[in-house]
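Heads up, the thing below is written out as structure tokens.
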Amino acid sequence: MKIARLFMLVGFVIVLYAGAQVFAQKEDTPVMRGKKLFANYCASCHGADGKGNGPVAPSLKKPLPDLTKIQKGGKFPTDEVRKKVSGDVLSPVHGKKDMPVWGMIFSQTDITNLVKYLESIQRPYDPQPAM
Ligand code: HEC
């Protein structure tokens, strides 16, 4: 059947194209860097998807917030989140600013990337134009 072959060809091209897109996606965007940091430093509590189901979560006294829902009224509170991550806003869990859990490891850029990553996982996801 000619038409079936044509469909197969078109399907094949689509699969190739999609695959190429995945590979073309730059690993080195701020969001991707933030994602890696998150996986290394945050996912143990917050879960790989940020929803609060990390392996350490059950042993914490405080319930974990769903980090995919910190957007308020469609606006992501960048400054607020930044302060919570950097330790400017005290959280006994995250540690204090003068004795931060990860303050020695994270640069300002790291924190910016982390916050950008968090912004990228908000639901409903509003895709930002690629940089
Ligand atoms: C030891 C477990 C633990 C780790 C590790 C951890 N968190 Fe948290 N996080 C919590 C808990 C518990 C809360 C909620 C209670 C609080 O804020 O004190 C929280 C709250 C937050 C909030 C505030 C959410 C809101 O509703 O405003 C943000 C943002 C956040 N975490 C980001 C991070 C990031 C980014 C990392 C990694 C750099 C991280 N957390 C690592 C346990 C953790």
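Treat the numbers as computed from the prediction; the structure is a model and nothing was measured. Just the heavy atoms: all of them, side chains too, but no hydrogens, waters or symmetry mates, feed the values below. Both counts, for ligands and for their atoms, begin at 1 and track the order of listing.
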Ligand 1 N/O within reach of Lys62 N/O, cut-off under 3.5 Å: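 For ligand 1, there is an N or O atom that lies under 3.5 Å from one belonging to Lys62.
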N/O/S atom of His46 inside 2.8 Å of atom 8 (Fe) of ligand 1, strictly under: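 An N, O or S atom of His46 is closer than 2.8 Å to atom 8 (Fe) of ligand 1, so yes.
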Sub-4.5 Å side-chain heavy-atom contact between Thr78 and Val115: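 Side chain of Thr78 against side chain of Val115, heavy atoms only: contact under 4.5 Å found.
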Phe38 and Tyr117 aromatic ring geometry - parallel, tilted or perpendicular at 30°/60° bounds: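 Plane angle between 30° and 60°, so tilted.
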Side chain, backbone, both or neither: the part of Cys42 lying under 4.0 Å from ligand 1 by heavy atom: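 Answer for Cys42: both.
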Region of Leu67 that comes within reach of ligand 1 [heavy atoms, distance under 4.0 Å]: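 Under 4.0 Å from ligand 1, Leu67 contributes side-chain atoms alone.
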Nearest-0.5 Å distance that lies between atom NE2 in His46 and atom CD1 in Ile121: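 So the gap between those two atoms works out to 10.0 Å.
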Gap between atom CG of Leu6 and atom NZ of Lys2 - 0.5 Å precision: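 Reported value, rounded in 0.5 Å steps: 10.0 Å.
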Short side-chain to backbone donor-acceptor contact, Gln122 and Leu67, under 3.5 Å: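 Between the backbone of Leu67 and the side chain of Gln122 there is a qualifying donor-acceptor contact (under 3.5 Å).
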Asp110 backbone acceptor or donor facing Asn113 side chain under 3.5 Å: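 No, because the side chain of Asn113 does not come within donor-acceptor range (under 3.5 Å) of the backbone of Asp110.
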Within-shell test, Val56 vs ligand 1, heavy atom, strictly < 4.0 Å: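 It does not; every heavy atom stays at 4.0 Å or beyond.
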Which of the ligand 1 atoms, numbered from 1, are nearer than 4.0 Å to a heavy atom of Ile70: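 Taking each heavy atom of Ile70 in turn, ligand 1 has 24 (C), 25 (C), 26 (O), 27 (O) under 4.0 Å.
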Per-atom contacts, ligand 1 versus Lys84 - under 4.0 Å to a heavy atom: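 So the atoms of ligand 1 that pass are 23 (C), 25 (C), 27 (O).
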Option set Gly54, Ser44, Ala57, Cys45, criterion heavy-atom distance to atom 3 (C) of ligand 1, minimum: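 Of the listed residues, Cys45 has the closest heavy atom.
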